[in-house]
There are 2 protein chains.
Amino acid sequence: MTLPLPGRQVRGSTTGKPIMALLDLLGRTWALGIIWHLHTGPATFRELQQRCEKISPTLLNTRLKELKTLQLIESQKSGYQLSSQGVDLFEIISPLGCWSAQWAQALKDESKI
Amino acid sequence: MTLPLPGRQVRGSTTGKPIMALLDLLGRTWALGIIWHLHTGPATFRELQQRCEKISPTLLNTRLKELKTLQLIESQKSGYQLSSQGVDLFEIISPLGCWSAQWAQALKDESKI
DNA sequence: AACCATGCTACATTATTTGTAGCATGGTTA
DNA sequence: TAACCATGCTACAAATAATGTAGCATGGTT
């Protein structure tokens with residue numbers, strides 16, 4: 001898959017709008033999961049593999065390269081970590097943690113009726 | 001792909017944590033895009049196809065079913081629309097619109113150095 | 001010098017997505 | 001009322017992406 005660069009045509013959009021590039025990127029398997037798991041702190045490749053439970057090294061590496069090129073993560077001696085932009089992004093999506101719990105509850109309640 | 005139900009094992013997680021089910025769902029091709037495009041108002045199937053520019057009807061229908069089952073969207077006479085939970089979800093992610101513009105600018109600036 | 005752990009690649013298998021054609025239904029117009 | 005539409009959606013083959021497993025290369029330890 002080609003890198004979803006803002007300004008370029010991406011999967012799902014010919015307009016080059018940044019939001020479309022971002023949604024393409026975040027819509028790729030494991031991209032959101034990697035960001036989510038990195039917010040708890042830096043991790044080595046193998047540590048990240050474990051946090052993600054079931055990701056293949058092939059795909060992990062592919063996503064890490066994409067996220068690095070697009071400056072959402074960076075690699076240091078301590079391993080991979082969110083960049084400052086990555087942290088900003090995480091802060092936007094972090095309420096999903098709480099929200100998903102309510103959502104899960106609502107789905108559960110509804111299935112009891 | 002099986003539906004990512006909170007409480008069940010999903011792609012990338014055996015724990016059943018709601019956030020993992022949500023990330024699985026949102027990480028599927030076009031799921032975020034559909035939610036994004038629906039926030040501007042209800043749309044018929046064909047209208048939604050156009051808003052999404054390049055989605056295949058097969059996949060659109062698959063995602064719509066998933067999103068409907070998981071109560072993020074609902075279908076009315078006027079077409080598909082975000083459910084109240086869908087609206088809540090959208091409100092969480094809506095800052096991505098502005099954020100992506102800054103991000104795009106940063107990428108652009110950086111590439112000039 | 002044998003042993004480890006780590007970061008990562010290779011590659012075949014399997015799963016997902018795309019693209020195109022077109023069917024079934026219900027409304028509208030001639 | 002019969003020939004048009006538009007709509008919602010399915011079928012299905014081709015293309016693309018993800019998985020799973022093995023294992024290599026490097027650098028540090030015993």
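Just so it is clear: chains get the letters A, B, ... in the order the sequence lines come, proteins before strands, and each one is counted from 1.
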Name the pairs: protein N/O against N/O of nucleotides 27-30 of chain D, kept only if under 3.5 Å.
none

*Polar contact flag, side-chain donor to acceptor under 3.5 angstrom, A/E53-B/S13*: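 Their side chains do contain a donor-acceptor pair, which is all the 3.5 Å distance test asks for.
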*asked:* We want to know whether A/R51 and A/T40 form a side-chain donor-acceptor pair, criterion being a heavy-atom distance below 3.5 angstrom.
replied: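 Checked: A/R51/A/T40 side chains pair up, N/O donor to acceptor below 3.5 Å.
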*asked:* So, using side-chain contact (heavy atoms from CB on, under 4.5 Å) as the criterion, who are the partners of A/R46 when residues are at least two apart?
replied: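 side-chain contact (heavy atoms from CB on, under 4.5 Å) check on A/R46 returns A/T44, A/Q49.
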_Partner residues of B/Q81 under the side-chain contact (heavy atoms from CB on, under 4.5 Å) criterion, sequence neighbours left out_ =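 Per chain and number, B/Q81 pairs via side-chain contact (heavy atoms from CB on, under 4.5 Å) with B/P42, B/E74, B/Q76, B/S78.
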_Rounded distance in Å - CD (A/E66) to C1' (D/dA18)_ =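 Distance, rounded to whole Å: 12 Å.
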*What is the per-nucleotide protein-contact pattern of nucleotides 6-18 of chain C, from the 5' end, where B denotes a base atom under 4.0 Å from a protein heavy atom, S denotes such proximity for sugar-phosphate atoms only, and - denotes neither?*
BBBBBB----SSB
*Checking side chain to side chain contact (heavy atoms under 4.5 Å, CB included) for the pair B/Q50/B/H37: CA distance, chi angles, key distance, verdict?*
CA-CA 10 Å; B/Q50 285 171 347; B/H37 285 302; over 6 Å; no
*asked:* In the structure I gave you, are the side-chain heavy atoms of A/T2 and A/V10 within less than 4.5 Å of one another anywhere?
replied: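 A/T2 vs A/V10: side chains apart.
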*Watson-Crick and G-U pairing of DNA chain D, under 3.5 Å, as dot-bracket with | and [ ]*: ||||||||||||||||||||||||||||||
_Residues which pass ring-ring contact (aromatic ring centres under 6.0 Å, His included) with A/W36, listed by chain and number, not counting sequence neighbours_ =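 Partners of A/W36 by the ring-ring contact (aromatic ring centres under 6.0 Å, His included) criterion, ordered by chain and then number, come out as A/H39, A/F90.
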_Is there a side chain to side chain contact (heavy atoms under 4.5 Å, CB included) between B/T14 and B/M20? Walk through the geometry before answering._
CA-CA 9 Å; B/T14 57; B/M20 291 302 144; over 6 Å; no
